[in-house]
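First the structure, in the form of structure tokens, and then the observations on it.
All figures in this text were calculated on a predicted structure; none of them were measured in a lab.
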Amino acid sequence: MTARIKVVVLGGSGFVGRGLLAELANDSRFVITSLSRSGGNSELQRKFPQVKWLQVDLQRPAEAWLNQVVQADWIIDLIGVLFAKNQDAYRKLTLTPLLPLIKQLESAGQTRFLFASANRAPFFLKNYLVVKKEMEKLLRSKLGQRAVLLYPGLIYNRERYSNWLLAQILLKIGKIPGFQQLITTFRVISRQEFSQQVKLVLLEQPSYLEKRT
């Protein structure tokens, strides 16, 4: 019998995380743990009973979640904040909380780390992109080949109407001759497709999201 793949999801209760859990939870090849400040609300726990939900503060290492990290085959970072006041705010919300975890992973055997970065971003999200690139550099320096970087763009689903509406506008504009490159540049992608691409990576198959355009 093939060993099951142990996956720890950071941000499993978020917009992108919920989409990934919907893709993985019913696949018997995966054993999934979600780490978040909330620990997942009762609705999520009912929807995904296959997932082990842990309430943690990543900046305060404790044996419970450290054991999950050490035993995992994959850590998937889906902690994302699209809008923040400045670069320091982005760092505080998305990079700084992961420093203890990354330090732990340096000596955690073969555990791999999948980070959802960003392909491109409009000018008003410059700080968002800067901190994403800082995280990429940190992961490469600390984890080397164990860090896998994916480069989605705007991830959309009807569940978050603002994302979905913007995506529909961009997709329509992209059909106009001369504007096709817009879709390639910003890599508009449905939440379901993104989740499927993550799944390919977990199964050691290639994904087009591993290359930045």
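- Contacts of Lys142 classified as side chain to side chain contact (heavy atoms under 4.5 Å, CB included), with partners at least two apart in sequence or in another chain: Ile102, Glu106, Leu138.
- Between the Arg91 side chain and the Glu134 main chain, no donor and acceptor come within less than 3.5 Å of each other.
- Every pair passing ring-ring contact (aromatic ring centres under 6.0 Å, His included) that includes a residue from residues 138-178 is listed here, sequence neighbours excluded: Tyr161-Trp164.
- Contact annotation: the side chain of Phe115 approaches that of Lys132 to within less than 4.5 Å [non-hydrogen atoms, C-beta and beyond].
- Scored by the side chain to side chain donor-acceptor pair (under 3.5 Å) test, Asn163 finds no partners at all (sequence neighbours excluded).
- The CG atom of Leu10 sits 12.0 Å away from the OG1 atom of Thr94 when rounded to the nearest 0.5 Å.
- For residues 6-21, the salt bridge (charged side-chain N to carboxylate O under 4.0 Å, His left out) pairs, not counting sequence neighbours, are Arg18-Glu159.
- Linking ILVMFWY residues whenever their side-chain heavy atoms come closer than 4.5 Å, directly or via other members, places Val9 and Val201 in the same cluster.
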Decide side chain to side chain contact (heavy atoms under 4.5 Å, CB included) for Leu202 and Ile76; before the verdict, give the C-alpha distance in whole Å, the side-chain angles of both, and the deciding distance to 0.1 Å. CA-CA 10 Å; Leu202 299 182; Ile76 301 177; 4.0 Å; yes
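- The side chain to side chain donor-acceptor pair (under 3.5 Å) test applied to Asp73 returns no partner, not counting sequence neighbours.
- Legend: residues meeting side chain to side chain donor-acceptor pair (under 3.5 Å) with Thr213, ordered by chain and number and at least two apart, are Asn119.
- Looking at every heavy atom in both residues, Ala121 comes nearest to Leu129 through N-CD2, 4.1 Å.
- For the atom pair CG of Leu21 and CG of Leu78, the computed distance is 8.5 Å after rounding to the nearest 0.5 Å.
- No more than 12 heavy atoms of other residues, nucleotides or ligands lie within 6.0 Å of CD in Gln192, so this atom counts as exposed by the packing criterion.
- Identified under the ring-ring contact (aromatic ring centres under 6.0 Å, His included) test for residues 27-55, with sequence neighbours left out: none.
- Criterion: ILVMFWY side-chain heavy atoms under 4.5 Å apart, direct or through other members. Under it, Val16 and Leu98 are not part of a common hydrophobic cluster.
- Residues meeting the side chain to side chain contact (heavy atoms under 4.5 Å, CB included) test with Ile189, sequence neighbours left out: Pro152, Ile155, Glu193, Phe194, Tyr208, Leu209.
- Using a 4.5 Å cut-off on side-chain heavy atoms (C-beta onward), Arg140 and Leu149 make contact.
- Screening residues 195-212 for salt bridge (charged side-chain N to carboxylate O under 4.0 Å, His left out), with sequence neighbours left out, gives Glu23-Lys199, Asp27-Lys199, Arg112-Glu204, Glu136-Arg212.
- The minimum heavy-atom distance between Ile79 and Gly11, with the atom names listed, is CG1-N, 4.2 Å.
- Applying the side chain to side chain contact (heavy atoms under 4.5 Å, CB included) rule to Gln205 yields the partners Leu200, Leu203; only residues at least two apart in sequence or on another chain are considered.
- In this structure Arg120 satisfies the salt bridge (Lys or Arg N to Asp or Glu O under 4.0 Å) test with no other residue, sequence neighbours excluded.
- Hydrophobic clustering keeps Val148 apart from Phe113 (ILVMFWY residues linked when any side-chain heavy atoms are closer than 4.5 Å, directly or through intermediates).
- No single ILVMFWY cluster, assembled from side-chain heavy atoms under 4.5 Å apart, contains both Leu150 and Met135.
- The CD atom of Gln196 sits 10.5 Å away from the CG atom of Leu24 when rounded to the nearest 0.5 Å.
- Residues passing the side chain to side chain contact (heavy atoms under 4.5 Å, CB included) test with Phe124 are Phe83, Pro122, sequence neighbours excluded.
- With rounding to the nearest 0.5 angstrom, the CG atom of Leu165 is 10.0 Å from the CZ atom of Arg158.
- To the nearest 0.5 angstrom, Leu35 atom CG is 9.5 Å from Lys52 atom NZ.
- Checking side-chain atoms of Gln50 against main-chain N and O of Ile32 turns up no donor-acceptor pair under 3.5 Å.
- Separation of atoms CD (Gln55) and OG (Ser13) is listed at 10.5 Å; rounding is to 0.5 Å.
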